[in-house]
Amino acid sequence: MPVLIRIIDGNALTVSLSGLSPDETAILKKLFLMSDQPERPSFENPEPGVFLIHGSQNQVGHFIKHIASHPKIPVHIRTALASRLDNYLRNDYKLRCRDRIIDLSDRTHIMGILNVTPDSFSDGGRYLDQNKAASHAKEMISQGADIIDIGGESTRPGAEPLSEEEELRRVIPVIKRLSSEIDTPISIDTYKYRVAEEALKAGACIVNDISGLRFSEDMAKVVADYGAGLVIMHMKGTPRNMQQNPVYDDVIAEITKYLSDAIEKAIKAGVESEQIVIDPGIGFGKTLEHNLVILNRLNEFKILGRPILIGTSRKRFIGMVLNQDEPARRIEGTAATISLAIERGAKIIRVHDVEHMARVAKMTDAVLKIKI
Ligand code: HH2
């Protein structure tokens, strides 16, 4: 009988600490060498101030517990390490929005895009008419949409800002109508607090702020007052200038820091952690390479402890890889990014092609859920 060899992988973790002082690095090294944990993770100190811990989830978890109770490690490092690891491993997300609780733990949720605009990059002009918008929302729900995201202003690269009055005129009647006709949660895609407030009054329950609380000081307060869900998205610059040579030292570190600060800002304004979703903002002040790195390393945002939303649908970076100018022909490319993003921890996917992407998500979920 042939010998069967099975290599079990996929649970390996690397925890990286940087910015450590020489003393802190020395203490960590010492604790590592002194640890009597039977199967220790391995460690590396590749450059001054940087300390890497590699191992299985169990090994790393045990070691972090071990140092978390060690008085010689500064408290901020101990608590940050323990909570980041807990966050990284958690999967039990619930999103609270007004009187609803959306359980994100059992499967990937689909946010269907409804652009009530004349000029969106992919579906501009198709749903400006209220009847068409309502029937498209219902069609997406029948295809598997869990949330309908309504936007009145295109934020494609180079787009001119829209007046508040015009944005309200486009979205409010559609939200009023849909909230009386459907039970599916409605989110409002806006960075203007007045539009968010009117949308909430009209029946929306989530605010999707592409500026990540940056453009409107009162946004977090409105969300807190209504107990609404809040999507905090990262964008570098503004839609008008964001694609003019965006530069990052470390794109993941910068976005993580931004999102972390924005979560804190929301919480200070009275928003509860369970109302918050985070989104690294694919295509918003990012080059092709930045977008690919974000997708590849999406799991790193899990340390923030909030569910991740991802919006790759039909976007230009997919067209760049596939050499495809026509957004409607970027469906397979979108499917690839969606499946990968789910594997890397995305809990909500924002898409145009609900029927197809709901199937992609369901299939990906099935593979990830199987007990091995
Ligand atoms: N992308 C777009 C708009 N809103 N919101 C979140 N949270 N994440 C995204 O990635 C995101 C978003 C851009 O896509 P679309 O709405 O299709 O285009 P346009 O801005 O041209 O209306």
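Every value quoted in this text rests on a predicted model; they were computed, and no experiment measured them. Whatever order the structure lists ligands and atoms in, that order sets their numbers, starting from 1.
Per-residue contacts place Val231 under 4.0 angstrom from the following atoms of ligand 1 (heavy atoms of the residue considered): 7 (N). Each of the following atoms of ligand 1 lies closer than 4.0 Å to a heavy atom of Gly311: 10 (O). Proximity to Arg156 (heavy-atom distance under 4.0 Å) selects the following atoms of ligand 1: 20 (O), 21 (O). Proximity to Phe121 (heavy-atom distance under 4.0 Å) selects the following atoms of ligand 1: 14 (O), 15 (P), 17 (O), 18 (O), 21 (O). Listed by number with element, the atoms of ligand 1 under 4.0 Å from a non-hydrogen atom of Asn208 are 5 (N), 6 (C), 7 (N). Near Ser120, meaning under 4.0 Å from any of its heavy atoms, are these atoms of ligand 1: 19 (P), 21 (O), 22 (O). Heavy-atom contacts of Asp189 reach the following atoms of ligand 1: 3 (C), 4 (N), 12 (C) (cutoff under 4.0 Å). Shown in contact with Ile210 at under 4.0 Å from a heavy atom are these atoms of ligand 1, numbered in order with element: 4 (N), 5 (N), 12 (C).
Residues Arg314 and Asp123 are not paired through a salt bridge, judged by the lack of any N-O separation under 4.0 Å between the basic side chain and the carboxylate. For the pair Glu153 and Arg170, the salt-bridge criterion is not met [side-chain N within less than 4.0 Å of a carboxylate O]. In summary, Arg344 and Glu300 do not engage in a salt bridge, as defined by a charged side-chain N under 4.0 Å from a carboxylate O. For Glu272 and Arg96, the salt-bridge test passes: some basic side-chain N is under 4.0 Å from an acidic carboxylate O.
Taking every heavy atom of both residues into account, Ala199 and Ile175 meet most closely at CB-CD1, 3.6 Å. Nearest heavy atom pair, residue Pro41 against residue Gly55, reads CB-CA, 4.2 Å. Taking all atoms of both residues into account, the shortest heavy-atom contact from Gly212 to Ala262 is O-CB, 3.9 Å.
Of all protein heavy atoms, the one closest to atom 21 (O) of ligand 1 is Ser154 OG, 2.8 Å. From the protein, the heavy atom lying nearest to atom 10 (O) of ligand 1 is Lys315 NZ, 2.7 Å. At the top of the distance list for atom 8 (N) of ligand 1, counting protein heavy atoms only, stands Asp279 OD2, 2.6 Å.
Taking the ring centre of Tyr93 as origin, the terminal cationic atom of Lys347 falls outside the region bounded by 6.0 Å and 45° from the ring axis. With Phe43 as the aromatic partner, Lys29 does not meet the cation-pi criteria of under 6.0 angstrom to the ring centre and within 45 degrees of the ring axis.
For Asn115, every heavy-atom contact with ligand 1 shorter than 4.0 Å involves the side chain, none the backbone. When non-hydrogen atoms are compared, ligand 1 lies under 4.0 Å from neither the backbone nor the side chain of Arg314. The residue Asp123 has no part lying near ligand 1, judged by heavy-atom distances below 4.0 Å. Looking at Leu309 against ligand 1, only its side chain comes within 4.0 Å, counting heavy atoms.
Comparing heavy-atom distances from atom 14 (O) of ligand 1 across His234, Met235, Arg350, His352 singles out Arg350 as nearest.
In summary, the aromatic rings of Phe32 and His66 are positioned with their centroids too far apart to meet the 6.0 Å limit.
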